[in-house]
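Here is the structure we will look at, set down as structure tokens.
Reckoned from all heavy atoms, side chains included, excluding hydrogens, waters and symmetry mates. What you see is a predicted model; the values in this text were computed from it and never measured.
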Amino acid sequence: QVQLVESGGGLVQSGGSLRLSCAASGNIALRTPMAWYRQAPGKQREWVASISSGSDRNYADSVKGRFTVSRHKSAPTVFLQMNHLKPEDTAVYFCKAAHWGHDIWGQGTQVTVSS
């Protein structure tokens, strides 16, 4: 059974930085395609960033230039480095892994950016 656990969320001031982690457990490939999503209260869940099995990276326009997604070199873990945070980045952040045709989701971690 594959499970994902996000960590690293918290409260930060506008302009600050946070680094989120998404650690996978179970029999999952090291370079499994993974993505980050976020959902603010009363809003739809939106895609934020993704990294492919070949480590190609893509970002939503709202975060491009501020966020960076990366992989751990020796574990099925991905990170989301968030810089120059804005209040509108406040949301629960979720990671997702594509595993043998199924989407596996983590439980989410809260990010709150104060002004």
Side-chain angles (χ1 to χ4, degrees):
Q1 182 178 354
V2 174
Q3 294 183 339
L4 306 178
V5 177
E6 301 96 334
S7 62
L11 175 64
V12 65
Q13 290 184 315
S14 181
S17 298
L18 285 173
R19 189 190 191 212
L20 306 184
S21 297
C22 175
S25 63
N27 190 18
I28 188 169
L30 180 66
R31 298 173 66 189
T32 295
M34 300 183 74
W36 288 95
Y37 290 74
R38 67 187 182 187
Q39 187 167 24
K43 297 183 179 180
Q44 297 289 98
R45 187 171 297 186
E46 67 173 336
W47 169 75
V48 174
S50 58
I51 185 166
S52 74
S53 61
S55 294
D56 291 328
R57 299 168 175 85
N58 289 284
Y59 302 92
D61 288 342
S62 58
V63 307
K64 193 170 186 177
R66 300 188 297 122
F67 291 10
T68 303
V69 63
S70 61
R71 292 190 183 277
H72 193 287
K73 64 183 296 183
S74 58
T77 299
V78 296
F79 308 98
L80 186 68
Q81 178 66 46
M82 305 185 294
N83 298 325
H84 307 289
L85 283 161
K86 306 174 181 179
E88 52 261 44
D89 295 319
T90 295
V92 177
Y93 284 70
F94 300 87
C95 66
K96 183 189 76 173
H99 180 65
W100 291 99
H102 302 275
D103 288 337
I104 308 297
W105 291 86
Q107 83 291 344
T109 185
Q110 176 71 48
V111 171
T112 302
V113 184
S114 66
S115 58

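More than 12 heavy atoms of other residues, nucleotides or ligands sit less than 6.0 Å from atom CD of E88. Within a 6.0 Å radius of CG in N27, no more than 12 heavy atoms belonging to other residues, nucleotides or ligands are found. For NE2 of H72, the number of neighbouring non-hydrogen atoms (other residues, nucleotides, ligands) closer than 6.0 Å is greater than 12.
Taking both residues in full, the closest heavy atoms of V48 and Y93 are given as CG2-CE2, 4.4 Å, listed atom of the first, atom of the second, then distance. Considering all non-hydrogen atoms of both residues, R38 and V63 come closest at NH1-CG1, 3.8 Å. Annotation for H99 and I28: closest pair ND1-CG1, 3.9 Å, computed over non-hydrogen atoms. Across all their heavy atoms, S115 and S14 have their closest contact at CA-CB, 4.2 Å.
Between the W105 side chain and the Q107 main chain, no donor and acceptor come within less than 3.5 Å of each other. A donor-acceptor pair under 3.5 Å links the side-chain atoms of E6 to the main chain of C95, judged by distance alone.
Interatomic distance, CG of L4 versus OG1 of T77, reported as 9.5 Å (0.5 Å rounding). Going from atom CE of M34 over to atom CG of L80 covers 11.5 Å, rounded to the nearest 0.5 Å.
Put simply, the side chain of S70 does not reach to within 4.5 Å of the side chain of Q81, judged on heavy atoms. Residues Y37 and K96 are in side-chain contact: their nearest non-hydrogen atoms beyond the backbone lie under 4.5 Å apart.
The side-chain contact (heavy atoms from CB on, under 4.5 Å) test with S50 is passed by exactly one of V78, V69, N58: N58.
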